[in-house]
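This report concerns only the one structure given below.
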Amino acid sequence: MEKKIPYKTYLEESEMPKQWYNVRADMKNKPAPLLNPGTLEPMTAGELSAVFCDELVKQELDDTTPYFDIPEEILEFYKMYRPSPLVRAYCLEKALDTPAKIYYKFEGNNTSGSHKLNSAIAQAYYAKKQGLKGVTTETGAGQWGTALSMACAYMGLDCKVYMVKVSYEQKPFRREVMRTYGADVTPSPSETTNVGRKILEAHPGTTGSLGCAISEAVEVATSTEGYRYVLGSVLSQVLLHQSIIGLESKTAFDKIGVKPDVIIGCAGGGSNLGGLISPFMGEKLRGEADYRFIAVEPASCPSLTRGKYAYDFCDTGMVCPLAKMYTLGSGFIPSANHAGGLRYHGMSSILSQLYDDKLIEATSVEQTAVFQAAEQFARVEGILPAPESSHAIRVAIDEAMKCKETGEEKTIFFGLTGTGYFDMVAYQKYNDGEMSDYIPTDDDLAVGFAGLPNVNK
Ligand SMILES: *Cc1c(COP(=O)(O)O)cnc(C)c1O
């Protein structure tokens, strides 16, 4: 008789990961280095440390060390909201009448409502340890700003958040959560920076973008004594911290004696997916096991499925290092889409390299289909998912339906990155039948590609 898998699998404190895993150590083709936009030479630790904390620079540049000890203080903080449960989606399986077995890892069980706290606390910890006064950052939809505010409050650091103006106005509650945790929140573009003033002059009335908010936050960090800049995704250090998601999942799967066949995650800047798949990808790279990995992105911002693999600017103001990644160009402005966390123009250089090496697959999905999946999931599994996470749900359901046709009993595992409580305007649009599905044309994309820097490396 088949052993009954529990609805939720948690880890004991003694089973919790004590180290993060750096998947780059097992990659044959390493991700391309960050380049200095002036000299086009690889960024040195010295150059990077003007922007980032020293310990995080070390993590960013380290392609070879497989494991990093998680400092005791961070382990303590993790205990407040981790482990996150590995859930067997029995109710969804039943609703779909599929022979597939579906599991998800839910990262929304903390006030910030997403996985972003996993890296926020690490970055705040290293800033504090370095004796810094504070950090600056940007936030789009607000999840990263919220997570960082929580982490900074805990560590006793100042936190300055540049919030994309349209979100600042449309998501007042996110803003108030950040302020409650003591953060200083400025709508971007703003008059407080040179780059903000320049952008406002060129585009009066603009409602801002992530790339522009990054430029402002970097300028403030590099021109204010005792401050550094921190970023919530894309960078290799962030994927390292997010490996906690995959490591916990792997231990939980081993505990119940299950091996997933397909692992699915939404991809914005790539940190949650990178973290989720890291230990499994490590096994695949070392030839110990095989898995299918699927990155899911919005059809409105298709960096992997329709982007170019090239060096690009990470921000609109072009003050950040150049990164080689699948990108739509730093000037690409995605159409209005409710998955704010998936609107970045580029993709983590680790995931980009893995994708280029055909070790992961990518697919894009349209917004209305994503919300149909979100609604279906919410009604049977009880959790109201974030629009970003629902991209993964969409593809997990599609895969499960394929199993129904073929009769295969595949084990499907996806990352449920967060809750949708702050996204009710999006749900309202969906419920009112007013959601649109704009997909950029090749001409739209050509505009973004035209702005790629001319780097022949
Ligand atoms: C930010 C965010 C994402 C995107 O994560 P990346 O790691 O940048 O791909 C996905 N889901 C939720 C809920 C988020 O807040």
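Bear in mind the structure is a predicted one, so any value in this text is a computation, not a measurement. In this chain, numbering begins with 1 at the start of the sequence shown. Each ligand, and each atom within it, is numbered from 1 in the order the structure gives.
Counting heavy atoms closer than 4.0 Å to ligand 1, residue E107 contributes nothing at all. Residue S271 touches ligand 1 through backbone and side chain together, judged by heavy-atom distances below 4.0 Å. Counting heavy atoms under 4.0 Å from ligand 1, residue A267 touches it through the backbone alone. Contacts of Q242 with ligand 1, taken as heavy-atom pairs under 4.0 Å, are absent altogether.
Near S233, with a cut-off below 4.0 Å to any heavy atom, the atoms of ligand 1 are 6 (P), 7 (O), 8 (O). Close contacts between ligand 1 and S114 involve ligand atoms 13 (C), 15 (O) [criterion: under 4.0 Å to a heavy atom]. Close contacts between ligand 1 and C266 involve ligand atoms 10 (C) [criterion: under 4.0 Å to a heavy atom]. Heavy-atom proximity to A386, at under 4.0 Å, picks out these atoms of ligand 1: 13 (C). Within the listing of ligand 1, atoms 4 (C) sit less than 4.0 angstrom from a heavy atom of G341.
Between E388 and ligand 1, no N or O atom pair is found at a separation short of 3.5 Å. The distance criterion of under 3.5 Å between nitrogen or oxygen atoms is met by G270 with respect to ligand 1. Considering backbone and side-chain atoms alike, S389 places every N or O at 3.5 Å or more from each N or O of ligand 1. Close N/O approach between L342 and ligand 1 is not found [any backbone or side-chain N/O within under 3.5 Å].
For the pair P387 and F371, the minimum side-chain heavy-atom distance is below 4.5 Å. Looking only at side-chain heavy atoms (C-beta outward), D444 and Y438 come within less than 4.5 Å of each other. Looking only at side-chain heavy atoms (C-beta outward), D54 and Y126 stay at 4.5 Å or farther from each other.
Residue, atom and distance of the protein heavy atom nearest to atom 11 (N) of ligand 1 are T417 OG1, 2.6 Å. Looking only at protein heavy atoms, the nearest one to atom 5 (O) of ligand 1 is N272 ND2, 3.3 Å. Given atom 9 (O) of ligand 1, the protein heavy atom at minimum distance is G268 N, 2.7 Å.
Distances from atom 14 (C) of ligand 1 to the heavy atoms of K116, R343, E297 put K116 nearest.
The main-chain N or O of L92 is found under 3.5 Å from a side-chain atom of E381 such that the two form a donor-acceptor pair. Judged purely by atom type and a 3.5 angstrom limit, E93 uses its side chain to pair as donor or acceptor with the backbone of I102.
F280 and F293 have their aromatic ring centers separated by at least 6.0 angstrom.
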Under 3.5 Å, which donor-acceptor pairs link side chains of residues 258-279 to any protein atom two or more places apart or in another chain?
from	atom 1	to	atom 2	distance (Å)
K259	NZ	D290	O	2.9
D261	OD2	T411	N	2.8
S271	OG	S233	OG	3.4
N272	ND2	C266	O	3.1
S278	OG	G274	O	2.7

Item to complete: Could you go through the ring-ring contact (aromatic ring centres under 6.0 Å, His included) check for Y21 and Y67 one step at a time?
Response: CA-CA 5 Å; Y21 168 63; Y67 289 96; 5.4 Å; yes
Discussion item. Using the rule given for salt bridge (Lys or Arg N to Asp or Glu O under 4.0 Å), can you reason through D398 versus K402, listing the C-alpha separation, both sets of side-chain angles and the distance that settles it, and then say yes or no?
Written reply: CA-CA 6 Å; D398 292 347; K402 280 185 211 157; over 6 Å; no
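Residues C314 and Y344 come closest through the heavy atom pair O-OH, 2.7 Å.
Annotation: salt bridge (charged side-chain N to carboxylate O under 4.0 Å, His left out) contacts involving residues 298-323, sequence neighbours excluded, comprise R306-D442.
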